[in-house]
Peer 1: 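Shown below is the structure under consideration.
Scope of the values below: all heavy atoms of this structure, side chains included, with no hydrogens, waters or symmetry mates. Atoms within a ligand are numbered from 1 in the order they appear, just like the ligands themselves. Residue numbers run from 1 in the order of the sequence given.
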Amino acid sequence: MEIELGLDNNYELLGQETRTFLELPHGLHIGGRQIQTASTYALRDPSNGQVFAHAGQASASDVGEAVTAAKRALRGSWGRFRPHQREACLLRLAQLLEEHARTLSEIETICSGRLLRNTLDVDVNYSAHVLRYMAGWSTKLSGRTTRLSVPYVTDGELDGYTFREPVGVVAAIVPWNVALGLAIWKIAPALAAGCTVVLKPAPSTPLTALYLAQLALEAGVPEGVLNIVTGSEPGLGEAMVRHPDVDMVSFTGSTHVGRLVAREAAGAFKRVSVELGGKSPVIIAQDADLSRAIPQAAWAIFANHGQNCCAGSRLYAHASVYEQVLEGIVSIAESIKLGAPLDSDSAMGPLINRAHSEYVLNYVKEGVREGASLRTGGAGLDHPGAYVQPTVLAGVSPTMRVVREEIFGPVLVAASFQNDAQAVSLANDSEFGLGASIWSRDLDRVRYMTRALQAGSVWVNTHNTLDVNLPFGGWKNSGMGHDLSEESVLAHTRIKSSVHHYMEQDAFDAV
Ligand code: NAD
């Protein structure tokens, strides 16, 4: 690991639009208006812990206002929009995202400590792509028409129709690790399906959502369709989930909170989708192309500083290549430049805050205490930023906490395997089932492992490659429901069946 760069963000690098935005008093966005709150809370730059802005502290009554605005829009202007008008709004929003790309990515980077190129690629450019894909679904949702045969209805003719109608008001709750990107994953299918949204960003990353809400108005999305409530109080998300006029809860975050959310929502028979944590295995077989597998396994864990739900945090390499793979990954880890997220030369920035970097480092200590061998990293930097060195723990065993629990930082745990069945068994020995990758050139091996792995996404010779046209969701404790693809749009619809009884003459009589 190299530390050559400045570790503090240099705000001189920010564009004028970003600086102006950061200086604004930030409130909530309800019913198309900025609402100032009675109290605010401080936002801290993860690169140095300094306060750079304040955000609005929403109350339960603000949540009520936001839900009322969303309900009004559902029954009003938005409800009357034709599908092609919803499509047009989403397409314009995609365009506006691209026009404001630099500002959005700078704001996201300052809030989250993620690298500028990462927020630009993932939160802005990929989001524009998602919006365009979802825009198309607005005009493609349809039901079925069926000639019915109900045995006890003997007169006339029966036709049956199904309609897909919007579920209603969606409470969308997202984490900080890809704040804008995940917000779009929630908002785009909801709007395509005709729903309205109250979005709660994570406490540390509220600002791009507020900026997005302004762009949505500019794109023609009517007032009240997209509302944003921000805050750092733990009860805020709960108030959203509990609100009786919320029809669906779409949550991304930790398994612990997701379980609480799912329980609460299911108790009120609300539609619920929860996308949760992971501990995704990377399996490198003896026949893998190591020139690709080693660097990609390294970045499967170190990308986004390990704060990816499907980070490749468990490495299993065949015993015959294990040492070579480990040495390769350690050498990449040691070449990674830690630096300020706004600096284009940085390869890794800080984690979200000091509490989280300490949490991650405690896991490393625990792993060593349990007998893992620390091959590199394992420390922070002598600096107030939430930096953690890329870390590799080798020789781990399945019962260790570092193997079983999600660390959500740049910490790879590694072990070897002797045969394919053992690799699959190690990989599946987890409460999580979000993603898994296989590195091999042997088709039989690839097929066997793809079928045997218990994960919502299985990647072959790639990792964490998410296409908007494929459903993304977890198995086991990694979630329930899907983001992206047709699946996520359909999840925002409810089906109505309608039976029509015709007593007119049979159509065939006319022939
Ligand atoms: P978190 O669960 O602590 O918080 C997520 C969101 O829920 C935040 O907005 C938070 O304020 C809110 N929240 C907290 N308590 C709540 C409650 N009782 N009711 C309703 N909302 C509540 O997660 P985090 O630390 O912000 O994010 C990291 C986690 O997110 C990791 O576990 C990661 O794997 C997961 N994640 C999953 C995916 C996925 O698609 N599966 C994607 C990204 C992140």
Side-chain angles (χ1 to χ4, degrees), residues 41 55 57-58 60 63 111-112 114 122-123 126 130 171-186 198-206 209 228-243 246 249-265 267 270 272-280 301 303-313 351-353 355-357 359-360 363 386 405-409 430-435 455-457 464 466 470-485 487-488:
Y41 67 99
Q57 191 74 271
V63 169
C111 288
S112 66
R114 293 164 54 218
V122 180
D123 295 75
Y126 193 82
V130 171
I173 301 175
V174 291
W176 44 263
N177 67 315
V178 188
L180 178 62
L182 291 170
I184 299 277
W185 286 19
K186 303 295 186 200
V198 178
L199 173 83
K200 191 195 88 57
S204 45
T205 50
I228 313 291
V229 290
T230 65
S232 60
E233 300 290 347
L236 185 57
E238 225 175 299
M240 288 171 68
V241 176
R242 286 205 170 139
H243 196 290
V246 162
V249 180
S250 181
F251 173 89
T252 298
S254 62
T255 293
H256 167 67
V257 176
R259 185 173 281 119
L260 300 176
V261 166
R263 246 187 227 142
E264 186 69 41
K270 295 180 184 192
V272 62
S273 163
V274 288
E275 306 299 328
L276 311 176
K279 190 80 183 177
S280 301
I301 179 66
N304 215 27
H305 326 159
Q307 305 166 123
N308 269 336
C309 52
C310 37
S313 49
L351 306 193
I352 186 69
N353 54 41
H356 189 54
S357 60
Y359 170 88
V360 167
Y363 264 109
E405 297 174 19
E406 185 184 43
I407 299 176
F408 219 55
S430 172
E431 65 165 300
F432 299 108
L434 194 54
S457 294
N464 201 5
L466 305 179
L470 281 180
F472 176 65
W475 285 19
K476 304 197 273 187
N477 289 355
S478 288
M480 202 168 65
H482 292 95
D483 278 332
L484 303 179
S485 82
E487 303 292 336
S488 77

Peer 1: Do the ring planes of Tyr359 and Tyr363 sit parallel (below 30°), tilted (30 to 60°) or perpendicular (above 60°)?
Peer 2: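 The rings of Tyr359 and Tyr363 stand perpendicular, inter-plane angle above 60°.
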Peer 1: Does Phe472 come within less than 4.0 Å of ligand 1, judged by its heavy atoms?
Peer 2: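 Within the 4.0 Å threshold, so yes.
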Peer 1: So which protein heavy atom does atom 9 (O) of ligand 1 come closest to, and at what separation?
Peer 2: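 Looking only at protein heavy atoms, the one closest to atom 9 (O) of ligand 1 is Val174 O, 2.8 Å.
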Peer 1: Measuring only between side-chain heavy atoms, which start at C-beta, is Ser280 closer than 4.5 Å to Phe432?
Peer 2: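 A side-chain contact is absent here, since even the closest heavy-atom pair is not under 4.5 Å.
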Peer 1: Classify the angle between the aromatic ring planes of Trp185 and Tyr126 as parallel (below 30°), tilted (30 to 60°) or perpendicular (above 60°).
Peer 2: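 Because their plane-to-plane angle lies in the 30° to 60° range, the rings of Trp185 and Tyr126 count as tilted.
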Peer 1: If you round to the nearest 0.5 Å, how far is NE2 of His305 from OG of Ser112?
Peer 2: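 Rounded to the nearest 0.5 Å, the OG-NE2 separation comes to 8.0 Å.
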Peer 1: For the side chain of Thr255 and the backbone of Asn477, is there at least one donor-acceptor N/O pair under 3.5 Å apart?
Peer 2: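 Such a contact is found between Thr255 side chain and Asn477 backbone.
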Peer 1: Return yes or no for this condition: an N or O of Trp176 is under 3.5 Å from an N or O of ligand 1.
Peer 2: yes
Peer 1: Given side chains that start at C-beta, do those of Leu351 and Phe408 come closer than 4.5 Å, heavy atoms only?
Peer 2: no
Peer 1: Taking only residues two or more places apart in sequence or in another chain, which ones pass salt bridge (charged side-chain N to carboxylate O under 4.0 Å, His left out) with Lys186?
Peer 2: Asp483
Peer 1: Report the part of Val261 (side chain from C-beta onward, or backbone N, CA, C, O) that has a heavy atom under 4.0 Å from ligand 1; answer both or neither where that applies.
Peer 2: side chain
Peer 1: Do the side chain of Glu275 and the main chain of Phe251 share a donor and acceptor less than 3.5 angstrom apart?
Peer 2: no
Peer 1: Would you mind checking which non-hydrogen protein atom is closest to atom 44 (C) of ligand 1, with the distance to 0.1 Å?
Peer 2: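 Scanning the protein heavy atoms, the shortest distance from atom 44 (C) of ligand 1 goes to Asn177 OD1, 3.3 Å.
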Peer 1: Against heavy atoms of Leu434, which atoms of ligand 1 measure under 4.0 Å?
Peer 2: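 In order of numbering, the contacting atoms are 41 (N).
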Peer 1: Is the closest N or O pair between Thr252 and ligand 1 shorter than 3.5 Å?
Peer 2: no
Peer 1: Output the list of atoms in ligand 1 that are nearer than 4.0 Å to some heavy atom of Leu182, sorted by atom number.
Peer 2: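 The atoms of ligand 1 under 4.0 Å from a heavy atom of Leu182 are 42 (C), 43 (C).
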Peer 1: Any idea which protein heavy atom is nearest atom 28 (C) of ligand 1, and the distance to it?
Peer 2: Phe408 CE2, 3.5 Å
Peer 1: Compare Leu199, Leu260, Asp483, Leu276 and give the one whose heavy atom is closest to atom 41 (N) of ligand 1.
Peer 2: Leu276
Peer 1: Does any N or O in the side chain of Lys270 come within less than 3.5 Å of the main-chain N or O of Val249, such that one atom is a donor and the other an acceptor?
Peer 2: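 Looks like no, no N/O pair under 3.5 Å.
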Peer 1: Where on Pro203 is there a heavy atom closer than 4.0 Å to ligand 1, on the side chain, on the backbone, on both, or on neither?
Peer 2: side chain
Peer 1: Looking only at protein heavy atoms, which one is nearest to atom 13 (N) of ligand 1, and how far off is it?
Peer 2: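 For atom 13 (N) of ligand 1, the nearest protein heavy atom is Val257 CG1, 3.9 Å.
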Peer 1: Do Gln307 and Asn177 get their side chains close enough for a donor-acceptor pair, meaning under 3.5 Å?
Peer 2: no
Peer 1: Considering only non-hydrogen protein atoms, determine which one is nearest to atom 36 (N) of ligand 1 and report residue, atom name and distance to 0.1 Å.
Peer 2: Cys309 CB, 3.5 Å
Peer 1: Nearest protein heavy atom to atom 21 (N) of ligand 1, by residue and atom, and its distance?
Peer 2: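 Looking at atom 21 (N) of ligand 1, the protein heavy atom closest to it is Gly237 CA, 3.6 Å.
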Peer 1: Lys200 heavy atoms, cut-off 4.0 Å: which ligand 1 atoms fall inside?
Peer 2: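 Listed by number with element, the hits are 8 (C), 9 (O), 10 (C), 11 (O), 12 (C).
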Peer 1: Look at atom 4 (O) of ligand 1 and say whether a protein heavy atom is found at less than 4.0 angstrom from it.
Peer 2: no
Peer 1: Starting from atom 23 (O) of ligand 1, locate the nearest protein heavy atom and write down its residue, its atom name and how far away it is, to 0.1 Å.
Peer 2: Ser254 N, 3.4 Å
Peer 1: Is any N or O atom of Glu406, backbone or side chain, closer than 3.5 Å to an N or O atom of ligand 1?
Peer 2: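 Looking only at distances, the answer is yes, because the N/O contact criterion of under 3.5 Å is met.
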Peer 1: Treating Ser478 as the side-chain partner and Gly277 as the backbone partner, does any N or O pair qualify as donor plus acceptor under 3.5 Å?
Peer 2: yes
Peer 1: Please answer whether the main-chain N or O of Glu406 pairs with a side-chain N or O of Lys279 as donor and acceptor at a distance below 3.5 Å.
Peer 2: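 The answer is no, because no donor-acceptor pair under 3.5 Å joins these two groups.
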Peer 1: Measure the distance from atom 12 (C) of ligand 1 to every protein heavy atom, then report the residue, atom name and distance (to 0.1 Å) of the closest one.
Peer 2: Ile173 CG2, 3.6 Å
